[in-house]
Student: 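Right, I'll just put the structure down here and ask away after.
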There are 4 protein chains.
Amino acid sequence: MAVWLQVDPRSPTPVYQQIVDGIKGAVAAGWLKPGDRLPSVRDFAVSLAINHNTVAKAYQELERSRVIEVVRGRGTFVASPGQRPPPDVEERIEKLRDTLRLAWIEAYHLGLVEDEFERMFRQARDDARGGEGKEGL
Amino acid sequence: MAVWLQVDPRSPTPVYQQIVDGIKGAVAAGWLKPGDRLPSVRDFAVSLAINHNTVAKAYQELERSRVIEVVRGRGTFVASPGQRPPPDVEERIEKLRDTLRLAWIEAYHLGLVEDEFERMFRQARDDARGGEGKEGL
Amino acid sequence: MAVWLQVDPRSPTPVYQQIVDGIKGAVAAGWLKPGDRLPSVRDFAVSLAINHNTVAKAYQELERSRVIEVVRGRGTFVASPGQRPPPDVEERIEKLRDTLRLAWIEAYHLGLVEDEFERMFRQARDDARGGEGKEGL
Amino acid sequence: MAVWLQVDPRSPTPVYQQIVDGIKGAVAAGWLKPGDRLPSVRDFAVSLAINHNTVAKAYQELERSRVIEVVRGRGTFVASPGQRPPPDVEERIEKLRDTLRLAWIEAYHLGLVEDEFERMFRQARDDARGGEGKEGL
DNA sequence: GTGGTCTAGACCACC
DNA sequence: GTGGTCTAGACCACA
């Protein structure tokens with residue numbers, strides 16, 4: 001419960017964003033379930049070897065995304081999915097649509113044919129659902 | 001040849017990246033064909049109303065991606081696809097794989113079911129292939 | 001006498017503040033009348049499923065606001081309105097004035113026109129006076 | 001253009017929130033107009049005698065509220081109202097409704113009669129519209 | 001020069 | 001104990 005997330009300070013992706021992605025992924029894969037408690041910002045910061053403000057920023061973003069819920073003075077918990085959808089679902093879906101469009105373009109320029117890319121797409125689904133552990137199947 | 005690309009300085013996506021995406025997209029859609037000549041850095045900068053350094057940075061990135069070829073003294077041209085694949089294809093494919101994985105995760109948190117997301121994926125392919133004009137079919 | 005107040009630990013509003021608001025609201029709506037006895041700190045804490053220190057803090061604040069009166073050894077009672085105004089009325093009125101000013105500003109940024117907002121203001125009066133039960137009319 | 005906002009570090013309202021409120025107020029009053037440029041985070045921090053991170057946090061919140069727009073590398077500008085409403089308008093309106101309800105309750109406990117409070121409400125509108133300067137009339 | 005990110009260390013409110 | 005805020009100072013990407 002303290003090694004399931006790693007962070008690369010040299011990545012172009014901001015560290016707080018890596019945490020956001022990591023936790024969203026853990027929830028989607030079923031490793032974290034609604035009601036589960038996340039480490040405190042300071043504990044998490046220690047185990048990730050980063051500053052606690054960075055974790056706090058990630059938690060705030062995750063709360064805005066309705067992935068987690070902060071209970072005053074008690075801690076941070078995984079939210080129940082679908083209960084309160086994020087306020088900007090529409091925009092996020094539009095952004096996701098654009099991400100897919102750009103992915104197709106990138107695939108074209110990397111010389112991937114349609115079949116290959118569709119296989120990659122389905123493989124990515126399995127990876128997102130808990131690759132190694134196969135929890136999502 | 002100067003209105004097919006628009007750039008939004010207020011977007012969170014860097015302007016040079018918008019140019020890269022725009023040109024990659026135009027090539028993938030078939031609007032730009034191998035051998036077509038691109039505007040000069042300075043002309044392009046003027047018609048996009050941005051700094052020419054920004055266009056230069058985009059062209060550099062596009063050359064590294066083997067999407068365009070700069071012929072000193074003659075101009076900049078769309079490259080033939082697949083001739084000289086970019087040196088870091090492996091890395092780029094890995095990044096693309098990760099993009100798709102994150103997209104599945106995001107879809108989960110936006111409450112999209114598998115069918116919806118797969119439909120979105122195929123729709124994105126058609127959009128990437130020239131949406132309105134249907135050139136790519 | 002124990003279900004008319006609910007508290008949400010996940011709300012950004014501190015729990016003790018929710019209690020204060022709830023009791024002030026119940027008094028203003030006429031659900032609680034001068035002389036009515038409030039639950040003991042410990043009983044209230046049990047029925048709200050929270051720490052008793054939190055209830056105690058709420059009661060302290062309510063006493064400073066002259067909404068309730070604590071009679072040592074006998075219990076806690078709803079005070080008679082207007083008898084002993086809180087010592088800092090001026091300050092509180094000034095704060096209320098500022099709240100209204102900020103509300104107008106927020107209304108502007110939410111695109112509400114003057115009429116809409118005034119209607120909302122009057123509707124809020126009816127809500128404060130006991131919404132469903134109409135006791136305050 | 002550098003003294004129109006003051007900040008009180010001892011206020012219970014967070015400093016970044018004071019900045020947010022101040023700028024929202026200046027826009028609502030007409031002191032700041034769409035397209036106007038705001039001071040850079042660092043300049044503003046100096047003139048407010050606070051840390052630049054605090055200003056940055058306020059700017060990010062204002063951007064989420066669609067009150068300002070950040071143009072990469074160029075600066076921060078007042079947005080055109082109503083163009084892109086904030087993604088969570090519904091929730092904000094609900095919160096505003098609750099604010100008004102609580103204001104009525106508070107008014108009751110401060111011994112204000114209905115007429116007085118309605119006058120205060122209209123006075124607050126005039127204050128929000130640029131009190132001293134009367135720009136909004 | 002602009003905003004964005006991060007660190008190290010501090011204080012505070014709340015429970 | 002929890003998260004939230006703030007400071008001082010640093011580095012980076014972008015235009």
Side-chain angles (χ1 to χ4, degrees), chain A residues 7 9-19 37-45 48-60 62-63 68-77, chain B residues 7 9-19 45 48-58, chain C residues 7 9-19 45 48-58, chain D residues 7 9-19 37-45 48-60 62-63 68-77:
Chain A
V7 136
R10 294 163 312 179
S11 160
T13 305
V15 174
Y16 83 90
Q17 185 66 52
Q18 296 180 44
I19 299 173
R37 190 174 181 282
L38 289 170
S40 81
V41 280
R42 282 162 175 83
D43 286 354
F44 213 176
L48 292 175
I50 59 175
N51 188 276
H52 63 82
N53 282 326
T54 306
V55 179
K57 185 168 186 178
Y59 277 17
Q60 286 180 347
L62 283 164
E63 197 183 16
I68 66 175
E69 282 175 336
V70 174
V71 182
R72 317 197 41 102
R74 298 255 318 283
T76 305
F77 302 84
Chain B
V7 140
R10 300 168 311 180
S11 160
T13 305
V15 173
Y16 86 91
Q17 185 67 52
Q18 294 181 46
I19 299 173
L48 292 176
I50 59 177
N51 191 298
H52 62 81
N53 288 324
T54 306
V55 178
K57 181 165 187 179
Chain C
V7 140
R10 300 169 311 180
S11 160
T13 306
V15 173
Y16 86 91
Q17 186 67 52
Q18 294 181 46
I19 299 173
L48 292 176
I50 59 176
N51 190 298
H52 62 81
N53 288 323
T54 306
V55 179
K57 182 167 184 178
Chain D
V7 134
R10 294 163 313 180
S11 160
T13 306
V15 174
Y16 84 90
Q17 185 66 52
Q18 295 180 45
I19 299 173
R37 189 173 182 282
L38 289 169
S40 81
V41 281
R42 282 162 175 84
D43 286 353
F44 213 176
L48 292 175
I50 61 176
N51 188 276
H52 62 83
N53 282 326
T54 306
V55 178
K57 184 168 187 178
Y59 276 18
Q60 286 181 347
L62 284 164
E63 197 184 16
I68 66 175
E69 280 175 336
V70 174
V71 183
R72 313 191 50 94
R74 298 255 318 282
T76 306
F77 302 84

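This is a predicted model, so every value here is computed, not measured. Below, chains carry the letters A, B, ... as their sequence lines are ordered, and counting in each starts from 1.
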Student: Please round to the nearest 0.5 Å and tell me the distance separating atom OG1 of T54(B) and atom CD1 of I50(B).
Tutor: 5.0 Å

Student: Can you tell me how far apart NZ (K57(A)) and CG (N51(A)) are? Round to the nearest 0.5 Å.
Tutor: 12.0 Å

Student: Grab the CG-P distance between D43(D) and dG1(E) for me, whole Å please.
Tutor: 10 Å

Student: Which letter, B, S or -, goes with each nucleotide of nucleotides 8-15 of chain F from 5' to 3', with contact meaning a protein heavy atom under 4.0 Å?
Tutor: BBBB--SS

Student: Any side-chain N or O of S40(D) under 4.0 Å from OP1/OP2 of dG1(E)?
Tutor: no

Student: Taking all heavy atoms of V71(D) and all of R10(B), pick out the closest pair and write down the distance.
Tutor: CG2-CG, 3.9 Å

Student: How long is the line joining CD of Q60(D) and C1' of dG4(F), in whole Å?
Tutor: 15 Å

Student: Tell me: CZ of R10(D) to P of dC6(F), nearest whole Å?
Tutor: 15 Å

Student: In whole Å, I'd like the distance from the OH atom of Y59(D) to the P atom of dT5(E).
Tutor: 16 Å

Student: Tell me which of T76(A) and A49(D) sits closer to the 5' end of DNA chain F, going by the nucleotide each one is nearest to.
Tutor: T76(A)

Student: Does I19(C) form a side chain to side chain contact (heavy atoms under 4.5 Å, CB included) with L48(C)? I'd like the steps, not just the answer.
Tutor: CA-CA 10 Å; I19(C) 299 173; L48(C) 292 176; 4.0 Å; yes

Student: Would you confirm whether R72(D), through its side chain, and P12(B), through its main-chain N or O, come within 3.5 Å as a donor-acceptor pair?
Tutor: yes

Student: First locate atom OG1 of T76(D), then atom CD1 of I68(D), and finally report the distance between them rounded to the nearest 0.5 Å.
Tutor: 5.5 Å

Student: Applying a 3.5 Å limit to both distances, which nucleotide forms a Watson-Crick or G-U wobble pair with dC14(F)?
Tutor: dG1(E)

